[in-house]
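Following: one structure in structure tokens, then a few remarks.
Just so we're clear, the structure is a prediction, and the values are computed from it rather than from any experiment. We number each residue from 1, following the sequence as shown.
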Amino acid sequence: ALAAYGRERLPIAVHSPGFIADSDEEAKDVLWPHYQAMQARIGRERGWAPMTRERYEAEAAHGALYVGSPETVAAKIARTVGTLGIDRFDLLLLHNPDRIGYTSEAVWDGMSGLRDAGLTELLGIAPGPANGFTLDLITAFERFGDRLDWAILILNPMEPWPGELA
């Protein structure tokens, strides 16, 4: 349709929530209680049915939730890129549920490996106020700053929305 109006094709990207750990089971087990709580909170506001472990497992296996070992997440991203013919997949460590991602070499190795394989272009971090975001950011920058391309800085602990994109 763009060509009909003399316009070039625009790049298309996908971003999805996810969590990486050493194994698929560890990633799913660590994320589950936090994902369930988040879905319950949002669901109450929007009228959604409660999240069940069965739905969570299905979303991780076949849906838009990218959770598992670095190899599992990489394979799922590769399938998405190939199936949709997208230009890139953005990978974001978002509101890490229990701080494991901020300090886990395996998580950062997995995220870096996805970038090195060309499955994502940039790595970013957006910690949430619920898990002490200032300390999380400092830790992440100190230990893994060479791997980070961008971060969302939340300037007011009472306001959970991004204050600035750095």
Side-chain angles (χ1 to χ4, degrees), residues 11-133 136-137 139-140 144 147-154 160-162 165:
I12 300 172
V14 167
H15 69 274
S16 287
F19 186 76
I20 300 171
D22 289 332
S23 71
D24 292 349
E25 289 311 310
E26 178 187 5
K28 289 188 288 186
D29 289 344
V30 167
L31 183 60
W32 163 242
H34 308 283
Y35 191 79
Q36 182 187 35
M38 176 194 67
Q39 290 291 323
R41 181 180 48 78
I42 296 170
R44 280 190 301 275
E45 297 169 0
R46 299 179 186 175
W48 299 346
M51 175 60 66
T52 64
R53 182 70 188 227
E54 182 180 11
R55 270 187 42 217
Y56 170 74
E57 293 282 346
E59 187 68 24
H62 307 291
L65 184 59
Y66 289 71
V67 60
S69 69
E71 297 80 15
T72 296
V73 173
K76 191 168 181 179
I77 290 172
R79 280 193 307 275
T80 300
V81 169
T83 300
L84 299 178
I86 59 175
D87 298 295
R88 75 176 207 224
F89 188 102
D90 295 326
L91 190 59
L92 169 68
L93 180 58
L94 180 65
H95 307 299
N96 191 43
D98 63 0
R99 299 178 186 219
I100 287 176
Y102 295 111
T103 59
S104 170
E105 195 76 34
V107 169
W108 288 98
D109 287 348
M111 289 176 55
S112 296
L114 297 173
R115 179 177 49 203
D116 295 345
L119 296 172
T120 191
E121 185 176 337
L122 302 172
L123 298 181
I125 187 170
N131 37 345
F133 64 92
D136 291 340
L137 269 180
T139 299
F144 308 106
R147 304 181 196 196
L148 278 166
D149 298 302
W150 60 273
I152 293 176
L153 306 177
I154 301 171
W161 303 111
L165 187 60

Original post:
Has E45 got more than 12 heavy atoms of other residues, nucleotides or ligands less than 6.0 Å from its CD?
Top reply: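 Yes, enclosed.
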Original post:
Y35 and F19: aromatic ring centres closer than 6.0 Å?
Top reply: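 Ring-ring flag for Y35/F19: false, centres at least 6.0 Å apart.
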Original post:
Is the shortest distance from a Lys or Arg side-chain nitrogen in R147 or D116 to a carboxylate oxygen in the other one below 4.0 Å?
Top reply: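 Salt bridge absent between R147 and D116.
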Are [X] and [Y] close enough that some pair of their side-chain heavy atoms sits under 4.5 Å apart?
| X | Y | answer |
| --- | --- | --- |
| Q36 | Q39 | no |
| L65 | Y56 | yes |
| L84 | V14 | yes |

Original post:
With sequence neighbours left out, what residues match E57 under side chain to side chain contact (heavy atoms under 4.5 Å, CB included)?
Top reply: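 Counting only residues at least two positions away or on another chain, E57 forms a side chain to side chain contact (heavy atoms under 4.5 Å, CB included) with K28, R53.
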Original post:
V67 pairs by side chain to side chain contact (heavy atoms under 4.5 Å, CB included) with which of D24, V73, L31?
Top reply: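 That would be L31.
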Original post:
Excluding sequence neighbours, so at least two apart, what forms salt bridge (Lys or Arg N to Asp or Glu O under 4.0 Å) with D87?
Top reply: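 Testing D87 for salt bridge (Lys or Arg N to Asp or Glu O under 4.0 Å), a comparison that skips the adjacent residues, returns R9.
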**OP:** Could you tell me the separation between the OG1 atom of T72 and the CD atom of E25, rounded to the nearest 0.5 Å?
**Re:**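 Atom-to-atom, T72:OG1 and E25:CD are 9.5 Å apart.
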Subject >> Side-chain donor-acceptor pair present, S69, E71, cut-off under 3.5 Å >> reply: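 E71 and S69 do have a side-chain donor-acceptor pair below 3.5 Å.
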Subject >> Closest contact, heavy atoms only, A21 versus P70 >> reply: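 Answer, listing the atom of A21 first, then P70: O-CD, 3.3 Å.
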